[in-house]
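These notes are about the structure you will find just below.
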Amino acid sequence: MTGEPLTADPPLRGAQGRVDDSAVLRSSLDEPERFGEIFDAYFAEIHGYAARRLGPDAASDVAAQTFLEAFRGRARYDASRAAVRTWLFGIATNVIGKHRRAEVRGLRARARLEVVERAGGHADRVDDRVSAQGLRGRLAGAIAALSDGDRDVLLLVALADLNHQEVAAALDIPYGTVGSRLNRARRKVRAALGGTNPMRDLEDDHG
Amino acid sequence: MDDLRTVMEAYGEPAAPTRREMAEARARMFEEPARSRRRFGFGWRAKAGIGLVAVGTATAVAVVALEPGSPAPRETTESVDLGRLAVLAAAEKAERQPTGKYWHTDTVSGQAYVVRAKTGTYAIYGAQDESFNWVGAKRGMGEAYYGRDLPAHPQTARDAALWREAGSPSRIRVWSGDHYATYTTKATAWRSDGPNVGVDPKGGGTFVDGKSVADLRKLPTDPDALAAMFLGWTTVGDDPGRRAGADSREAGVRRLLAASKIMRISAVLRAPIPPKARSGLMRALAAQPGVHPIGRVADPLDRRGVALAGDERNVTVTGEYGASKADQGTYRSRQVIVFDERTGALLSRQEMLTVPGGPYAEMKPGFIIEYQANRSAGWTDAKPKPPVELPF
């Protein structure tokens, strides 16, 4: 990927928005119902992001609140700063921020779940095993233990597939801060993943 | 070890939102009472347009109510039949398009501005841009989004003559709601790097509402089934209780819903929908309350087609946000969707003036206030490239 900062991993999925989004948004100032196109294009994705972080019950409310705030604040959207998709993920992250305690509580509960070794899993790469297990054990514990800011950056990159520049725009933080937060979060995640080896789990503490 | 991918996979794929969740969220977004709108810093547009979303509030009624004594936006039975026939015939003529490896769409959009030159008032299209998008038929084949700014230009021959009389300015300063904006008569190069554009080599495979090519091939062709699938949310606010009354509030709800449906269908039709489903979608739209056939109209790319329109609405511009005396007043306009008469292809979605007034007092009925036109769409086997030549 040309132009990608060396510290950033290439996107896992397409993070780009649609080029006509900003035109749609602009015309929605005069024609509010045009905002329905933005809603149609991104509601499911924002809902999915919220569902992964907070579970399906809260997701409905978070996604609805995100689009309500976006719709009301659409006059302040700045197309030169961020794609519409990025802007929406920023709003969603702020809304999710009001449910931080629930998120951390949920992650801690998952951290207590046993990581069961998949049959024949000993030969697999650690990350393969973890993906098969879902969000539990040490990985969930490590994400729960991250600072709120570090967790937001990690999950915007990993779940929303935003690059550094987009995360900076979404959260309104300096570009350099994104890198340092992401590095810190990834270091902790890697340490936790290294510890998911079930043999080692028996010896290590489960904190 | 790709720890980011591991985190992503550990979080898993959540269930998609239900249609009901989406309908409720959409209704909540559009129907929130208007009382707080000033707090959120809306400009004059709140006055002109935002009130429309607050259906059911007194403000909204004032904005969308049909003026007493003004003719109802309804055509004679004869014109309904003729127009409907034309639209449906267009749908019938939609020919089977071959499939290919890449689906592309090329969309041009813009906004009208009125220039009050000393030598005479004329209209331009400004804030024009073109977006070119291609998507691989299958996931992993990639997808790309390109954009470029298009030159501002006078709308009609008469506007062009007045623009020349004003000295053929290449930079045109216009009043844009609550500030002045300047548009130039130059285009920019295509860009695929930056906000809202980009190339994703791993993307592809999904189209409208996340549907795959296979999903789209399996679409029903029955208009009711298609309406349930793509216009399902619009039943919120369109319940029989509301429909029973013939008051102005009901008219406002109907107008808003009809305009939303036109926009929704114009977005859906940009996807590779098979001809029979395409025809069904056109029929479904034509059958919606508040949607009327209006015969033939031209689109901003100078193509003539057959059109459906939503109910008219009043828009009042006041001086509250700095609009000059000349821009103040009330005009009426409606949302219009235009189809190619021969193929049934979507040509354009556009807001058209019906009764001049306010900023558009010197314009004629049929004047295009804002548009989104399909320049091209289709399948190719080669990876599509954005066109070099300008659309106008």
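Each chain gets a letter, A, B and so on, in the order the sequences are listed, and its residues count up from 1.
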* Asked: Is it the side chain or the backbone of B/Ala127 that comes within 4.5 Å of chain A heavy atoms, both, or neither?
  -> both
* To do: Please flag which part of B/Gln128 lies under 4.5 Å from any non-hydrogen atom of chain A: side chain, backbone, both or neither.
  => neither
* **A/Glu166 bridged to A/Arg85 by N-O distance under 4.0 Å** => no
* Structure fact -> Greatest number of non-hydrogen atom pairs under 4.5 angstrom with chain B, of A/Trp87, A/Phe39, A/Phe35, falls to A/Phe39
* Which bit of A/Leu107 is near chain B, if near means a heavy-atom gap under 4.5 Å: side chain, backbone, both or neither? -> side chain
* Can a donor-acceptor pair be found between the side chains of B/Asn374 and B/Ser348 at a distance below 3.5 Å? -> no
* State whether a side-chain donor-acceptor pair under 3.5 Å links B/Gln335 with B/Glu351. => yes
* Is the cationic atom of A/Arg74 (NZ for Lys, CZ for Arg) positioned less than 6.0 Å from the six-membered ring centroid of A/Phe71 and within 45 degrees of its normal? -> yes
* Derivation of the side chain to side chain donor-acceptor pair (under 3.5 Å) call for A/Thr93 and A/Tyr49 -> CA-CA 9 Å; A/Thr93 303; A/Tyr49 173 64; 3.0 Å; yes
* Asked: Any idea which of B/Ala16, B/Gly204, B/Pro14, B/Pro17 has the most non-hydrogen atom pairs under 4.5 angstrom with chain A?
  -> B/Pro17
